[in-house]
Amino acid sequence: MALTNWTNAVEWLAAAAREPRLCKSDWQHGTTGIHLLAAGRFWDVLIVPACLGLRTADILACLPRVEPGPALLDGRRRQVGFFLPPDPANLWAGSDIRYLTTGSWIATPAPHCRWGDLRWICPPDGSGTLNTPAALELALHAAMGELARNHGTTHHRASPHRRTATPTPATPTRRSR
């Protein structure tokens, strides 16, 4: 079963590479080689500072009825990237936040890579599961609140929030375009 999931994860990730067959072959032969994958087709990526992203990933994993999607840690840049459904209408705002969509590329290791400077903290499961924007926003706000309580300051000037075309009354930080 695990081999099937891993094989599916390789197929799913490699499909976004410029040369999918080369990427797939590289990963299937046991290397952890880094490949550039296009954002905006199968997923978008929200990149946040590692101190916020690592706690957010922990919170996502504990949310009831939420299946966390892939999350990638870049230890050298001290950032975490959360893979989300592609949606060019989404705008995420906050200090040190980057949103990768169509026209952007992200460096990724093989889906089994859980060590090194660039590694999966929540690897792709092979089914195409992605982080849902609403669950990610909830977890980001919870993590920001925890960081503020535990350290006396948020380390970031503004909590990340998403702007959508239709504001949701339950989440006051969302703004319409």
ask   = Applying the 4.5 Å side-chain criterion to the ILVMFWY set and letting contacts propagate, would M144 and L63 be lumped into a single cluster?
value = yes
inquiry  = Measuring only between side-chain heavy atoms, which start at C-beta, is R98 closer than 4.5 Å to Q79?
reply    = yes
query = Distance from F82 atom CZ to D44 atom CG, nearest 0.5 Å?
reply = 15.0 Å
note = Rounded to the nearest 0.5 angstrom, the CD1-CG distance for I106 and L100 is 5.5 Å
request  = Start with the C-alpha distance between V48 and L140, add both sets of side-chain angles, then the distance that settles side chain to side chain contact (heavy atoms under 4.5 Å, CB included), and finish with yes or no.
outcome  = CA-CA 9 Å; V48 301; L140 282 164; 4.2 Å; yes
query = If you round to the nearest 0.5 Å, how far is CG of L84 from CH2 of W92?
reply = 6.0 Å
Check against side chain to side chain contact (heavy atoms under 4.5 Å, CB included), T56 and V80 = CA-CA 9 Å; T56 299; V80 174; over 6 Å; no
ask   = Is R77 reaching over with its side chain to a backbone N or O of D74, donor-acceptor style, under 3.5 angstrom?
value = no
Shortest non-hydrogen separation from D26 to G33 and the atoms involved = OD2-CA, 3.8 Å
note = To the nearest 0.5 Å, atom CG of L52 lies from atom CZ of R78 at 15.5 Å
ask   = Per the side chain to side chain contact (heavy atoms under 4.5 Å, CB included) rule, which among C122, P70, P124 passes with F83?
value = P70
Centroid separation H112 to W120 less than 6.0 Å = no
Heavy-atom pair with the smallest gap, counting every atom of A38 and W43 = O-NE1, 3.9 Å
key: Heavy-atom check, side chain of T102 versus side chain of R41, under 4.5 Å   = no
Step-by-step side chain to side chain contact (heavy atoms under 4.5 Å, CB included) determination, W12 to D125 = CA-CA 9 Å; W12 182 73; D125 63 6; over 6 Å; no
query = Would I34 end up clustered with V45 when hydrophobic side chains under 4.5 Å apart are linked, directly or stepwise?
reply = yes
Minimum heavy-atom distance between P111 and P123, given as atom pair plus value = O-CB, 3.5 Å
ask   = In Å, rounded to the nearest 0.5 Å, how long is the span from CD of E67 to OG1 of T129?
value = 5.5 Å
message = Using the rule given for side chain to side chain contact (heavy atoms under 4.5 Å, CB included), can you reason through L73 versus L118, listing the C-alpha separation, both sets of side-chain angles and the distance that settles it, and then say yes or no?
response = CA-CA 6 Å; L73 173 66; L118 189 61; over 6 Å; no
ask   = Linking I/L/V/M/F/W/Y whenever their side-chain heavy atoms sit closer than 4.5 Å, directly or via other members, would L54 and L138 fall into one cluster?
value = yes
inquiry  = For residues F42 and L72: do they belong to one hydrophobic cluster (side chain heavy atoms under 4.5 Å, members Ile, Leu, Val, Met, Phe, Trp, Tyr)?
reply    = yes
query = Which distance, rounded to the nearest 0.5 Å, do you find between the CG of N131 and the CD of E137?
reply = 13.0 Å
